[in-house]
Amino acid sequence: MGLKKAVRAYLTANAKRKHENAVRSMTFHYDLHIEEFENEKPQTLCDHKIITIFFDDIITQNTSHNKAIDKAGEEDIIIFCRKKGRTIRYAKEYIGNAFEENKNINLLYADEDEFDENERPSDPYFKPDWSPDSYLNAFYIGSIYAARAGLVKKAINNIDEPLIMPWGKVSSLDYENMPVCDKLFGHMALIEGGFNKRDGMNFPVYHLDKVLFHRAHGEDLFLGRSFHKENHTIESPVKVSVVIPSKDHPEVLKQCLVSLTHYGSGSENVSYEIIVVDNGSCEDKKKQYEELLDKIRTENSASISYIYEPRDFNFSYMCNLGAKNATGDLILFLNDDIEIVSGEWLRELSYYARLPHVGAVGCKLLYPADPVLNPDGSLIQHAGLTAIHIGPMHKLQRLSDNKVWYFGANEGIHDMCGVTAACLMVSRDKFEALGGYYEGLAVAFNDVDLNWRLLEEGYYNVCCNYFNLVHHESLSRGDDNADAKKTDRLMRENNTLMKRHMNMYTKDPFYHQALVNDDVAQDYIMANPKIPHPDEIESSNAQLVSKGYPDSWKNECVWFRTDYIGSLNKWNKMYYKGREEKPVNDTGYFIKGYSFVVGSDNAIYNRTLLLRRVKSSEDLTPVEPCVYSFKVHDMLREDVEKNLKDQQSVEITGYRSRIEEGVLPKGTYQAGMLYKDTTSRTRVMNWGTKTMDVI
């Protein structure tokens, strides 16, 4: 017995060493990467004069003209940057080339990082593309921007005047206390139409998406104007129509309506009506709805209507039906499981929804408090939608709002690619001009489609993260991928969404391409640029296990998640669209995701991807005993490791596999993962619910 223990201890220690070495070899070092980038000189395309002026040296009209600006030609380029820190070696070349390649652009800003205590570059800030509402809330532009001299001369003449927005109002900025560099940028953005509705996806202020400045250690990125709480006023009366789809859950709706009527009437010049849309509650529940609405109507003198129309569930149709019966200037689509916890919510949403350049408006949503999973009620459910290669996602979901995430992502105002329909406000005229919700998306992604159509029309979608509502979506409801029919429907509707908005799967303007875009990472994490693209990785050879594996090996301790499973051609379409580079391989299949063994030291396991043929994507009954196994390419998943503090050795939970065409017979395949304990004979496996068709 002692010998067995000693052998296992030796094997375990050996496995741990291998795991630690693998983690080290896969770890990405940003400082080395940026040093390599900084030493690569780009081709010089611009022949205009380029000069640099420090923020502290910008001279306003109140004193005397800045001689450098005065002498510059109209097309010359002026770089403005802070004094504490430095530009990268070839910043002028990158900026000059950007203006040369984009002749219609007169103003740009770039990304930056910060020197750490040891003077090494660290903590890069990969900024969104031009975000006017974010700018009016915080100086996210940071340490470096540049403009053509002609624009600078125009703007500096107005620098002592506050910013008057296109909608005729003075901006809510504390203009008097803003640094001069901030004032100058704001006036240039105003001249360039930066606070107007866009021309489609053409942004009037250019974002040069490269790190061109190293900020000195400890310097305030936002120059005193970071993301913050705002309070707006509504100067003329506005009416909001609150559309709430609901069925068979009057007790859920009750909490929503009680909180809405309690917090809905405290905003001056904002009134509301409530429209409940029921697509077929049973008679008993219908009666309860009617009694509840009568009571709320009487006790609060509230305008409430109840639309009852039995039919198959179609969220888009229900929302459109409610909107057709709306009489308000603004329409607020609200889930029946939302609880209002703030008196400012309706005023703030209404303020932004009325702006002519704004499309959809939402706010931060938190999960309800739970004694085990969310004791302080701080976990984020929604802080804006983000589009990545595999579809839309909620960044920061299930992370604590007690922490400031990625340069204030959960604070202040942010222009995003979209907001969830759990709480989504839009002006009625914009909604009707767009044709409402697309009813071809009955269950999922209909709100995403609406957001993206607004975005493509030139509007900015806004998420107010300086206040929150509570979304009573259960923290413990489980993974959507645990139900085969639901998973199949989600995948089909995701495919529909992708066909309608292919451009959004290649680039979300408000989510930098240098950030993790292939995995469902909750936090904002830089992607390792050294990792080969999926079409470049070595294909995995199939091993046929004719009799399959014993059912006794199946164990729920294996957590298996598939982020993508399907043709490599489809993945490449999402990744390479709009890029100059072309895929190395374009046939076969690609599977990726993450997996681990719950409650065990994952360093001691080897894992193998499994595929088996099943009846259909909805019926996962195997059609034969045989199983195909494949080697996986291991991947670091920092996001998973950060959120699994109670699990052991879960840094390398990510996996990828590329399978050549012709390896698998035709059919529908379900994926799973087999884990082999290298210190014993233990074998455990589990299957997912996502499938792919081999044709």
Just checking, [X] and [Y]: is the charged tip under 6.0 Å from the six-membered ring centre and within 45° of the axis?
X	Y	answer
R658	F630	no
R198	Y459	no
K573	W571	no

Under 3.5 Å, side chain of [X] to main-chain N/O of [Y], donor-acceptor pair present?
X	Y	value
S226	F222	no
N461	A360	yes
K395	A521	yes
D449	F445	no
N572	P583	no

Less than 6.0 Å separating the ring centroids of [X] and [Y]?
X	Y	answer
H217	F115	no
F185	Y145	yes
Y524	Y511	yes
Y367	H471	no
F37	Y90	no
F195	W130	yes

Under the side-chain hydrogen bond (donor to acceptor under 3.5 Å, both in side chains) test, residues paired with H389 that sit two or more places apart:
none
Of all residues at least two apart in sequence or in a different chain, which pass the side-chain hydrogen bond (donor to acceptor under 3.5 Å, both in side chains) check with S131?
none
Dump the intermediate steps for side-chain contact (heavy atoms from CB on, under 4.5 Å) on K631 and T608, then the final yes or no.
CA-CA 6 Å; K631 176 185 175 182; T608 306; over 6 Å; no
Over all atoms of both residues, closest heavy-atom pair of A91 and L212
CB-O, 4.1 Å
When you look at NZ of K570, are more than 12 heavy atoms from neighbouring residues, nucleotides or ligands closer to it than 6.0 Å?
yes
Should we say atom CD of E538 is surrounded by more than 12 heavy atoms from elsewhere, each under 6.0 Å from it?
no
List the steps and the verdict of side-chain contact (heavy atoms from CB on, under 4.5 Å) for D182 and L223.
CA-CA 8 Å; D182 192 352; L223 295 172; 5.9 Å; no
So, applying side chain to side chain contact (heavy atoms under 4.5 Å, CB included) with Y109, which one of F80, Y206, Y140 is it?
Y140
Testing R607, K592, K18 for salt bridge (charged side-chain N to carboxylate O under 4.0 Å, His left out) with D634, which one passes?
R607
